Protein chains: 2
Amino acid sequence: MDNNITRFEELLVKNGLKRTGARLQVLEILSGRDSATSQPYLEQVMGKVVDRVTLYRVLQAFEEKGIIHKVLDSHGTANYAICSDGCDAHQHHDEHVHFDCDNCHKIYCLESVKIPVPKVPSGFKVQHLNLIATGICSACTDKVN
Amino acid sequence: MDNNITRFEELLVKNGLKRTGARLQVLEILSGRDSATSQPYLEQVMGKVVDRVTLYRVLQAFEEKGIIHKVLDSHGTANYAICSDGCDAHQHHDEHVHFDCDNCHKIYCLESVKIPVPKVPSGFKVQHLNLIATGICSACTDKVN
DNA sequence: ACATATTTGCAACATAATTGCAATAACATG
DNA sequence: CATGTTATTGCAATTATGTTGCAAATATGT
């Protein structure tokens, strides 16, 4: 689907970023996966073509612009997923639940599942919520049966 | 309150750990704070007396025994807090909400706030929940006013 | 006081992240 | 489509963070 390419180019231009190989490649990889992608994985896949430092900077730029969002797994490793529409440099709207599968270690963005707002003690002002559920994902549950 | 000392000693013995200086010091520091304590902070405070490696191992042992639990903040930095009763080597019961203050960067264990269970898509089996709220804590809200 | 097993500190190593800078590539402009 | 400007990249060096093996020191039961 080469349609993606122009779509990604637009996304970059819209955010004032130049259309470079490294950036397009990151967007392609992330969009081609059904779950969040870890930095180590990206490094492994792109490592021969793109410098590690460049990858750091691309991901940082994307996150700042609201193109992708970062999810830390239980080991503190960064995973990235493309933001659904509605994010920009000023605001991230990624307040959906993330699901970290114990079996296949994929991290799913459950876009449809909003984080239930907890009742915090008075005085505390919640600005942002981050919920990671761990367990067994749908695909792994199927495999076992 | 020197009562703490014997309390901590009991805690160590109960878990088959020897009563050493490093361990007692960690317990004292953690129990003397109203929020979770970051590893870098512990290292800074204890660094002159206790080796960095020892600190890692003490924290790891405590976590395995269910004496403390680890909370990763938004930067992936480890923070530790003493578990409320009911945790042991086999089971952690720390499914309360954590609150990460944007202003003072303290991480509070809101022991009284259980994590609301989200409705995940069918096929997904949730085993554990981890919710970190960020915002402004009670103490910082007061300061501003 | 002594024997034993645990714990610690040290040194070395391994991994991950950051910075400065020069070379390169993107792209607006003429 | 050549060219100047600015953003981007790669490299090397540095810093930070986490891990391992082992010998010395320490806690604790007897």
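All of these numbers come straight from a predicted model, not from anything done at the bench. A note on names: the letters A, B, ... follow the listed sequences, proteins ahead of strands, and every chain is numbered from 1.
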Visitor: Would you confirm whether the ring centroid of A/His105 sits within less than 6.0 angstrom of the ring centroid of A/His75?
Guide: no
Visitor: Would you kindly compare B/Arg19 and A/Ala22 by the position of their nearest DNA chain D nucleotide and give the one closer to the 5′ end?
Guide: A/Ala22
Visitor: Mind checking whether B/Leu30 and B/Phe62 have side chains closer than 4.5 Å, heavy atoms only?
Guide: no
Visitor: Checking B/Thr77 side chain against B/Asp73 main chain: does a donor-acceptor pair fall under 3.5 Å?
Guide: no
Visitor: Roughly how many Å is it from NZ in B/Lys18 to C1' in C/dA3, rounded to a whole number?
Guide: 11 Å
Visitor: Given atom CD of A/Gln25 and atom P of D/dT9, what is their separation to the nearest angstrom?
Guide: 11 Å
Visitor: If you look at every strand shown and take non-hydrogen atoms under 4.0 Å, does A/Val13 touch a base, only sugar-phosphate, or nothing?
Guide: nothing
Visitor: Please evaluate the base of C/dA16 for a donor-acceptor partner in the side chain of A/Arg52 within a cut-off of under 3.5 Å?
Guide: no
Visitor: Grab the CG-C1' distance between A/Asp51 and D/dA13 for me, whole Å please.
Guide: 13 Å
Visitor: Whole angstroms only, please: what is the CG-P distance between B/Leu24 and D/dT28?
Guide: 9 Å
Visitor: Do B/Arg57 and C/dG9 have a side chain to base donor-acceptor pair shorter than 3.5 Å?
Guide: yes
Visitor: Hey, does the side chain of B/Thr20 come within less than 4.0 Å of C/dT8's phosphate (OP1/OP2), counting only N and O?
Guide: yes
Visitor: Would you kindly give the OH-to-C1' distance between A/Tyr56 and D/dA13, to the nearest whole Å?
Guide: 15 Å
Visitor: Evaluate the side-chain contact (heavy atoms from CB on, under 4.5 Å) criterion for residues B/Tyr80 and B/Ile107: first the C-alpha distance (whole Å), next the side-chain angles of each, then the deciding distance (0.1 Å), finally the verdict.
Guide: CA-CA 9 Å; B/Tyr80 295 92; B/Ile107 296 185; over 6 Å; no
Visitor: Round to a whole Å and report the spacing from CD of B/Glu64 to P of C/dT6.
Guide: 14 Å
Visitor: If you assign B/Ala78 and B/Gly21 each to the DNA chain D nucleotide with the nearest heavy atom, which residue ends up on the more 5' nucleotide?
Guide: B/Ala78
Visitor: Could you please spell out the steps behind the side-chain contact (heavy atoms from CB on, under 4.5 Å) verdict for B/Ser84 and B/His96?
Guide: CA-CA 11 Å; B/Ser84 60; B/His96 52 265; 5.8 Å; no
Visitor: In whole Å, what is the span from the CG atom of B/Asn15 to the P atom of D/dA27?
Guide: 19 Å
Visitor: Tell me: CD of A/Glu43 to P of C/dT18, nearest whole Å?
Guide: 12 Å
Visitor: Has A/Thr54 got a side-chain N or O lying under 4.0 Å from the OP1 or OP2 atom of D/dT8?
Guide: no
Visitor: At under 4.0 Å between heavy atoms, what does B/Arg23 touch on the DNA or RNA strands: base, sugar-phosphate, or nothing?
Guide: sugar-phosphate
